[in-house]
Amino acid sequence: MFIHIGFGNIVNTSKIIAIVSPESAPVKRLVQNAKEKGVAIDATQGRKTKSVLVMENSQVVLSALLPETIAGRVQAGVEDSEAEPGEREA
């Protein structure tokens, strides 16, 4: 399943390990190291980074959406996929 992370960008939810805020020093180092290695994907479209998605394949995705927003979309997608086909809303 895929979720929208802002500005027309989507990610595979099964590959997400963590969704974190970019404010702490360890996360800032993680992002800087990923940029140096070429495994950072900037999906902010020039806006301020508000969340960092750590992916299964050691890639780091930067998003301009809040971590709570992305986590809510992931959770909503999980709940939708677990619902019976007749229970889903149109």
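Just so it is clear, the values below take in all heavy atoms, side chains as well, and ignore hydrogens, waters and symmetry mates.
For the residue pair A34 and V60, the shortest heavy atom distance occurs at CB-CG2, 3.7 Å. Between P22 and V52, the closest heavy-atom pair is CB-CG2, 3.7 Å. When all heavy atoms of A43 and F7 are compared, the pair lying nearest together is O-CD1, 4.0 Å.
Both V11 and V74 are part of a single hydrophobic cluster, where members link through side-chain heavy atoms under 4.5 Å apart. Residues V20 and V31 fall within the same hydrophobic cluster, defined by Ile, Leu, Val, Met, Phe, Trp and Tyr side chains chained together at heavy-atom separations under 4.5 Å. In the hydrophobic clustering of this structure, I19 groups with V61; members are Ile, Leu, Val, Met, Phe, Trp, Tyr whose side-chain heavy atoms approach within less than 4.5 Å, directly or through other members.
Interatomic distance, Q59 CD to K15 NZ, rounded to the nearest 0.5 Å: 10.5 Å. Interatomic distance, CG of L62 versus OG1 of T49, reported as 4.5 Å (0.5 Å rounding). Between the OG atom in S63 and the NZ atom in K48 there is a gap of 13.0 Å [rounded to 0.5 Å]. To the nearest 0.5 Å, atoms CD1 (I70) and CG (L53) are separated by 4.5 Å. Here M55 contributes atom CE and S14 contributes atom OG; the two are 8.0 Å apart, rounded to the nearest 0.5 Å. Between atom CD1 of residue I16 and atom CD of residue E56 there is a gap of 10.5 Å, rounded to the nearest 0.5 Å.
In terms of modelled atom types and a separation under 3.5 Å, the side chain of T13 and the main chain of M1 share a donor-acceptor contact. When atom types are taken as modelled, the side chain of N33 and the backbone of L30 share no donor-acceptor pair closer than 3.5 angstrom.
For the pair L65/R73, a side-chain contact is recorded, criterion being any heavy-atom separation below 4.5 Å from C-beta on.
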